[in-house]
Amino acid sequence: MSIDELHQRIRATRTQDLETLCELVRRPSISTRGEGIEECASHLKDIMTQAGIGARVYETVGNPVVFGEVAAGAEGMPTVLFYGHYDVQPPEPLDEWLSPPFSPTVRNGRLYGRGTGDNKGQLLTHILAVRSYLQTTGTVPINVKFLFEGEEETGSPSLTEFVTTNRELLAADLVLTSDGPMHESGAPQVVFGVRGIMNMELRLCTARSDNHSGNRGGVIPNAAWELVELLRTMRSPDGEVTIEGFYDDVVPPSQYELQMLDRLPYDPSALAAVYGVERLDLEKTEFYRNLMFRPTLTINGLSGGYSGAGTKTIIPGAASAKLDVRLVRDQKPHDIFAKIERHIRTHNPRAELIPQEEDMLPSRTSAELPISQAVIAAVEQAFGRRPFVLPSMGGSLPDYVWTKRLGVPSIMVPYANADEANHAPNENIALECFYNGIHCSAHIMHELQK
Ligand SMILES: [Zn+2]
C-alpha cells in the first residue's frame, strides 16, 4: 500500500472523525473536581476498541489510565508509545463561552469546546491514524501503544508510579506526545526536551521580632539587608550565577543543535512587546541558548519588614525570598540544592534554605538519533514544510518520566493551532490542524517502519 492511499482514506473519513471527537468532548472530564472522569475514560476505551485497538482501563491510585496496543503486521518492528491526557481544565468563566463548553460546535473552520485542543483532539489523531491504517491494510506498520492519563491537568500525580510499575507493558522505542500549540506562524515544531524546575525558600532571621529603627538603629542586624546582601553574592551583575559548581553539568549545544537554533525565527522587538519589556538585547543564538541550554536562578519574590500603606519605622527581624531554579539536561535538583546550601552556609550561616513542593527533573532527547531524524522527516513530509526543531522548551513538563524513568527517547509534536485558547474560554482546534494531525501521525508510523 502506498502512503497516498492511506491519506485518501483519512480524507474520506473526515466527517466521521470529527463526530468521534465531538462525542469525546461531550463527556466532561474535569480532573481537578473529579467530574465525569470514569465515564470519559470508558468512552475513550470504547473508541479505541472500535478502532481495532486492544484497549483497557487501568485503575491507579488516582484517575484511571486508558491503555491500548496493536502489534505490527511484521516482526522486529519498533514500538511507539503515544502519550496524551483525556482530562480537561474547568470551563469557567462560563459566560465567556460563545457556545457551551461541552456542546462542541463548529464555527469558522474550528471546533469549539473544552478539551478540543487540550488534549482530546490531539490524542485522538493517533487513534484515528491507527484506525485508518487498520481499515486500509488490516495492519499497522509498527507496534503501537497508547497511554492516556486522566490527571495531567492536576500535575500527573500518579503517572510516575504507574510508569515505573508497568515498565514491561509500556516498553517502547519512542514516546510521542502531541500537546500544546504549533508555532504562531503555523509551522510545525518538533520538541526534544524541557527544563526541570526546583522551588526553594530562603529565610533569614536576625532577631526574635522587629525592633524600633531609632531606639535600636545601628546596633542590631537587619534581616532585610542581610537577605539582599546574601542574594547579591549569588549572581554577578551580568547575570552569571556565582554559586560554585552551578554550571558543572551544563553541556553546550552541539553543532547540529546550533544549526537548529539558527533556523528558528527571532524578532527581538516583537518579543519585547509581547513580554512587556523595553527591549531584548540578546543575539538570536544567545536568546535560544539561554532559554534551552542554560539553567537559571530566579528570585520569584521578596518579603520582610513592612511594605503596607504609610510608614513603619522598624528593623525587620526576619526576611525571606522565594527562588526557583530551571534545570537543564543532566542537572540534578538535590545536587544543585546542596551547592546553594553550601554557598549560603559560607556567606551567611544564619540563613536557611527550605525546599518547596516537588522538583521536576529536566529531560532531553537527542535530535540526532535515527528515530528522531525519522520523526522530523515524517513531520516535514506530512506538512509539506520543514518543522522548527527545538532542542528544548524553556518551560517544564514531566517529560523525565519517559526519558529517565522508562528510559525511552521522547519527542513532542504539537498539532493544535497557536490560538487554541487552551485552559481559557472558547478553547478550540482548527479542523485543518485536527485532520493534519491524523495525517502526520500516520506519516510518523509509516516513516518509523523503515
Ligand atoms: Zn492543559
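Whatever order the structure lists ligands and atoms in, that order sets their numbers, starting from 1.
At a cut-off of 2.8 Å, Glu152 is not counted among the residues with an N, O or S atom near the Zn ion (ligand 1). Among the backbone and side-chain atoms of Asp179, none of the N, O or S atoms lies under 2.8 Å from the Zn ion (ligand 1). Residue His423 counts as close to the Zn ion (ligand 1), with an N, O or S atom under 2.8 Å.
Note that the CG atom of Leu174 and the CZ atom of Phe82 stand 8.0 Å from one another [nearest 0.5 Å].
Taking the centre and axis of the six-membered ring of Tyr133, the NZ or CZ atom of Arg131 falls outside the cone set by 45° and 6.0 Å.
His183 and Phe388 have perpendicular rings, their planes meeting at more than 60° on a 0 to 90° scale where under 30° would count as parallel. Using a 30° and 60° split on the angle between ring planes, His443 and His7 fall in the parallel class, below 30°.
Between the OD2 atom of Asp118 and the OE2 atom of Glu153, the angle centred on the Zn ion (ligand 1) amounts to 90° when rounded to 10°.
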